Amino acid sequence: MEIVRRELFPCRLTPEGILEHLAREVNGRLPEWRTRVAGNPECFGQVEEEVLGWSRGVAGLLTAAVLDDGEVQERVEERAEAIRREAPGGQQKGYRRPRHIKLLCGLVLTVLCWYCRPRTKKETLEHRDKGRIGLYPEWAALGIREGASPGLQSEAARMVVLMPSMEAAREELERRGCELDVKTVRRLALELGAQALAARKEDLEAWKRGELAVGQAFAGKRIAVAIDGGRTRTREAKKPGRRSKKQTRRSKKQGAGPKRKHRRYHAPWREPKVAVIYVLNEHGAIDGSSLRVVDATLQGPDHLMELVAFHLHRLGAVHAQRVVFLADGTDWIWDRVPQVVNRVGLEKNRCYYALDVCHAVNHIAQALEACQEKTPEDRKAQLSRLRRKLKDGHLDEVIAYLEKLKSGRRLAAIKAIESTIAYLEKRRSLMRYDELVRKKLPIGSGAVESAIRRIINLRVKGAGMFWTPENAEAVIYLRAQALTDRWEEMLERVRKHAMRTRDLEWKWQATPMCFSTHETSQLHKQKHVKRCA
C-alpha cells in the first residue's frame, strides 16, 4: 500500500519535516492566541477549540507518516499476502487502484492498494459464484473497512448507538472534527454491526461444533441469568400493487417521476429477546467490579436461549458456585431453561429458578383490585401483607386467602381471582423465595428490565422509528456492548473475523431448546395436544 499525492501535504512525511512544520505553525499561531486571550479573556473557550482543531491536523500528519514508512509497508504487504492465501475459496491478485481512506482526525488519504478478485479470468459474470466476495488484503491487515480507518468506524458506530438519531450522531462527529454525511455514518455503523454479528455467529458455531474451550471467568462465583423480552417496530415492505389515492396525490404534488414510487409498508411489533448475565456479591446484589454480559436477538426464543448457553459456556459457568435463573412467567423462557442447563453441563443441585416477585405480586394486586371491597389504602396494606407471606414461603396461605375472596363476588371478580390462582399454582416451583433469600440469591429480574429500557426503549423504540430487522439487530447488539463496557472486546473479535472473511451473514439455524419435562411446559404441551385433537 502506497500513499499517493504527497504534494498535498504541507511538509515531508519525515520526522525532520514534521518537526520543522510544527515549529513554523507554533511560532506563527501561539503569539496570536496569546494576544487574543490577553485582550479578551472571554474568548479562551474559542481559542481552546481552535487549538484542538489544529492538533487534529498534526495527528493526521503523524498517522500518514506511520503508513508511509517503508518497514510498515513491508510488514503490511506480508500480512496482506497471508490473508489473501488464507481467504476462503482463494483470492488472486487483480490490479492496483487508488482508494480514499478517511482517518479519525478528518484527514483523507489516497493510497494505492491491491484488489484481489474472487474468480479467475475464465469465469464470466453470469457463471461466477455470487457467494465469493472480493478483498482488499492490505485494508484487512490494517482493519480498514468501507474506506474508513478502524478508529473512525468505531467512533461513528458508537455515536450512532449512543445518540438518539443518525443526524445527532453526524452532528457530534462534526463537532469532533470529522465531517461525514448521514448516509456514510449510517453505512459505517451498520457495517460494523453486521461484522460484529457475523463474528458472534462464528464463535457460536465453533461452540456448537465443540471447538470452544470452557472459560474461567465465572469460576467460584455466583451467577444470575435474567431473561425477558422488549418491543420495537419493524419495517416490512408490502408486496407490489396499486398505490392508494393518498400516495398518488402526494407523488403528483412532489413531482415524482417514473423512478420515484411511494409504497406503503407493514410496521409490525417485534419482540427483541434480551438476556443479562452478571456476577453476584456476598449480599446477592450485582457485583459492580465485574462486567455484565448483555445479548439480544429478534430471531426467536431458541436463538436467545442458545446464546445464553453459549455465553455461560465460554465464561465458565460450569465452574460457578451457584447459578440462578430469573424471569417472568412466560412459558417460552421456562420451557427452555432446563435444556440450557444440560447443554452447558451445570450441576442441577447448584441451579436455582425464580419467578420475578414483582410479577407475582402484580397478579395478586389485580385480583384485589377486581374485588373493590375496601379503600385503596386498605388494599395496599393487604397487598403488603400478602407480599411478605409470599417472600416467607407461605404460598398456600396466599392462595387460601384468594379462595376466600371468591365468595359472594361478581362473575368478573371471580374470573380475575381464578386467573391469579392458576398463575400462582402453575409456577409454584419457581416461587421458593424463602430458600433464595436464605441463600442470599436475588428474587427479582430488575437487571434485565433495566437493560431493556436502556438498550431497546431509549434507542430503537422511539416514536416514528421503524427498523428493518437486520438494522435493529445490529444497533441493539452494538448498543449492548457499548453500555456494558465491552466495546473494545467486541472490536477485537471483529478485527479477527474481518481478517479471514468479508462474509456478513449472521443468521444461524438454532437447535430446538424446548424441554418438555418442566412443570410450566406440561400445561403448554397439554394445550397443544388439545388443539391438535
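Quick caveat: nothing in here was measured; it's all calculated off a predicted structure.
Side-chain atoms of L103 and L152, non-hydrogen and from C-beta on, never get closer than 4.5 Å to each other. Side-chain contact between V475 and L190: present, with at least one pair of heavy atoms (C-beta onward) separated by less than 4.5 Å. I277 has its side chain within reach of F218: a pair of non-hydrogen atoms, C-beta onward, lies under 4.5 Å apart. Q481 places none of its side-chain heavy atoms less than 4.5 Å from the side chain of V161. Put simply, the side chain of R186 does not reach to within 4.5 Å of the side chain of V160, judged on heavy atoms. At least one side-chain heavy atom of L61 sits under 4.5 Å from a side-chain heavy atom of P10. With contacts defined as side-chain heavy-atom distances shorter than 4.5 Å, the pair L478/W487 qualifies. Looking at S290 and K221, their side chains come closer than 4.5 Å, going by heavy atoms from C-beta outward.
Ring planes of H303 and W508: perpendicular class, angle over 60° (limits at 30 and 60°). Note: W54 and W33 have perpendicular aromatic rings, judged against thresholds of 30 and 60 degrees for the angle between ring planes.
Salt bridge R29/E50: absent, no basic N to carboxylate O contact under 4.0 Å. Between R175 and E171 there is no salt bridge, since no side-chain nitrogen of the basic residue lies less than 4.0 Å from a carboxylate oxygen of the acidic one. In this structure, R493 does not pair ionically with E202, as no charged nitrogen and carboxylate oxygen lie closer than 4.0 Å. Looking at R170 and E167, a side-chain N of the basic residue comes within less than 4.0 Å of a carboxylate O on the acidic one, giving a salt bridge. A salt bridge between E473 and K507 is absent, with no side-chain N of the basic residue lying under 4.0 Å from a carboxylate O of the acidic one. Using a 4.0 Å cut-off between charged nitrogen and carboxylate oxygen, R495 and E492 count as a salt-bridge pair.
Of all heavy-atom pairs between A451 and V276, the closest is CB-CG2, 3.7 Å. Of all the heavy atoms in L304 and I227, the pair that sits closest is CD2-CG2, 3.7 Å. Of all non-hydrogen atoms in E306 and Q509, the two that sit nearest each other are OE1-O, 4.4 Å. Closest approach of E271 and G229 over heavy atoms only: OE2-CA, 3.5 Å.
Considering D228, D295, V294 in turn, V294 is the only one that fulfils the side-chain contact (heavy atoms from CB on, under 4.5 Å) rule with V274.
R235 forms no cation-pi arrangement with W467, by the criterion of a distance under 6.0 Å to the ring centre and an angle within 45° of the ring axis.
Between the side chains of Q73 and E77, no donor-acceptor pair is found at a separation under 3.5 Å. Side-chain contact of R145 with Q195: a donor-acceptor pair under 3.5 Å is absent, judged by distance alone.
Checking side-chain atoms of R336 against main-chain N and O of M513 turns up no donor-acceptor pair under 3.5 Å. In terms of modelled atom types and a separation under 3.5 Å, the side chain of R222 and the main chain of N281 share a donor-acceptor contact. In this structure a side-chain-to-backbone donor-acceptor pair under 3.5 Å is present from K102 to E179. At distances below 3.5 Å, at least one donor-acceptor pair connects side-chain atoms of R270 with backbone N or O atoms of L298. When atom types are taken as modelled, the side chain of S154 and the backbone of P150 share no donor-acceptor pair closer than 3.5 angstrom.
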message: side-chain contact (heavy atoms from CB on, under 4.5 Å), that's the test. Do W139 and R99 meet it? Break it down for me.
response: CA-CA 10 Å; W139 281 19; R99 297 285 292 174; 3.5 Å; yes
